[in-house]
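What follows is a set of notes on a single structure, which appears directly below.
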Amino acid sequence: MDIRLEPSELTERFEAFVLMILQLNRAVTKIKELEMNRLGLKGGHANCLFFLGENPEGMTIGQLAEACCEDKAAVSRSVAQLVEKGLARNDAPEGTRGYRSPYRLTPRGQVVASQMYDRVEKVVSIGGSGLTDQQRRSLYESLRTVLGNLDAYYREA
């Protein structure tokens, strides 16, 4: 099925979708920086701290990279900084890199993660204000569908 859009409709849909997604990403990035700075951390630490907090059994760098949708090098740097700050630890034998052993939050890291969760809850609540539960479910379902379609397009290309 070949769907041709009129130029004005194409422009409108491109702006509505691509530009809004980029603006949402920019807003989330700015808010991560703002909120993580308040905790003495960087925005890049947010996802690692979040997922480590959600997985008390620990996660490897590879698992974290997949969960965070980031490359392993960036996740490795963020986790190394969390370890330096005493917020995360790895049980790998000393002197080894420990890429395959799980990282866990320290008790101090759990406290910071809890503070971050409070901030995340507030931001998510503000971001979704004005939406009914049904609108929220529809939004997420639509985004999942679009993402699945675009992933399938990329894999086939």
Side-chain angles (χ1 to χ4, degrees), residues 16-131 133 135-157:
F17 179 73
V18 174
L19 295 180
M20 279 189 206
I21 294 293
L22 291 171
Q23 289 170 338
L24 279 168
N25 184 53
R26 180 180 293 157
V28 168
T29 300
K30 287 178 180 180
I31 290 169
K32 278 182 180 177
E33 282 294 326
L34 172 72
E35 294 298 339
M36 295 307 288
N37 284 340
R38 291 177 177 170
L39 296 173
L41 298 168
K42 295 180 180 178
H45 297 129
N47 289 350
C48 291
L49 194 60
F50 180 86
F51 286 109
L52 287 174
E54 291 289 300
N55 295 279
E57 72 284 356
M59 297 179 78
T60 65
I61 295 294
Q63 291 169 327
L64 268 171
E66 187 173 325
C68 295
C69 297
E70 294 185 37
D71 68 276
K72 284 183 183 179
V75 169
S76 183
R77 283 189 301 274
S78 289
V79 169
Q81 292 166 352
L82 292 175
V83 169
E84 283 177 28
K85 293 179 176 289
L87 302 176
R89 65 179 169 80
N90 180 296
D91 295 330
E94 198 163 325
T96 63
R97 291 186 182 203
Y99 284 116
R100 293 196 177 119
S101 24
Y103 285 84
R104 294 175 179 78
L105 292 180
T106 62
R108 185 167 158 239
Q110 292 169 359
V111 169
V112 173
S114 178
Q115 293 169 339
M116 185 188 75
Y117 292 151
D118 292 342
R119 295 173 190 279
V120 167
E121 187 175 0
K122 178 182 178 185
V123 170
V124 168
S125 177
I126 290 169
S129 64
L131 294 176
D133 288 342
Q135 287 172 320
R136 189 174 295 104
R137 281 191 298 275
S138 294
L139 170 67
Y140 291 134
E141 183 179 323
S142 296
L143 288 173
R144 274 193 228 39
T145 299
V146 170
L147 181 58
N149 292 341
L150 293 177
D151 279 345
Y153 172 84
Y154 180 76
R155 282 192 307 274
E156 292 171 9

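Please read all numbers here as calculations on a predicted model, not as lab measurements.
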So, do [X] and [Y] sit near enough that their side-chain heavy atoms are less than 4.5 Å apart?
{"X": "E66", "Y": "C68", "result": "no"}
{"X": "I21", "Y": "N25", "result": "no"}
{"X": "R119", "Y": "I31", "result": "no"}
{"X": "L139", "Y": "Q135", "result": "no"}
{"X": "V120", "Y": "M116", "result": "yes"}

| task | Show your working on side-chain contact (heavy atoms from CB on, under 4.5 Å) between K42 and M36 and close with a plain yes or no. | result | CA-CA 5 Å; K42 295 180 180 178; M36 295 307 288; 5.8 Å; no
Looking at [X] and [Y], would you say the former's side chain and the latter's main chain have a donor-acceptor pair under 3.5 Å?
{"X": "Y103", "Y": "L64", "value": "no"}
{"X": "R108", "Y": "K85", "value": "yes"}
{"X": "D71", "Y": "A73", "value": "yes"}
{"X": "R26", "Y": "L22", "value": "no"}
{"X": "E121", "Y": "D118", "value": "no"}
{"X": "R89", "Y": "L105", "value": "no"}
{"X": "E70", "Y": "A65", "value": "no"}
{"X": "S142", "Y": "S138", "value": "yes"}

So how far is it from [X] [atom1] to [Y] [atom2], rounded to the nearest 0.5 Å?
{"X": "Q110", "Y": "L52", "atom1": "CD", "atom2": "CG", "answer": "10.5 Å"}
{"X": "I61", "Y": "R77", "atom1": "CD1", "atom2": "CZ", "answer": "11.0 Å"}
{"X": "Y154", "Y": "L150", "atom1": "OH", "atom2": "CG", "answer": "12.5 Å"}
{"X": "C48", "Y": "M59", "atom1": "SG", "atom2": "CE", "answer": "9.0 Å"}
{"X": "L41", "Y": "L82", "atom1": "CG", "atom2": "CG", "answer": "6.5 Å"}
{"X": "K122", "Y": "I126", "atom1": "NZ", "atom2": "CD1", "answer": "5.0 Å"}

| request: Identify the heavy atoms of G44 and S78 that sit nearest to each other, and give their distance. | output: O-OG, 3.3 Å
| request: Taking only Lys NZ, Arg NE, NH1 and NH2, and the carboxylate oxygens of Asp or Glu, determine whether R38 and E35 approach each other closer than 4.0 Å. | output: yes
| query | So S101 and N90, side-chain hydrogen bond (donor to acceptor under 3.5 Å, both in side chains) or not? Walk me through it. | reply | CA-CA 7 Å; S101 24; N90 180 296; 3.3 Å; yes
| task | List the steps and the verdict of side-chain contact (heavy atoms from CB on, under 4.5 Å) for K32 and N47. | result | CA-CA 9 Å; K32 278 182 180 177; N47 289 350; 3.3 Å; yes
| field | More than 12 heavy atoms of other groups within 6.0 Å of E54 CD | value | yes
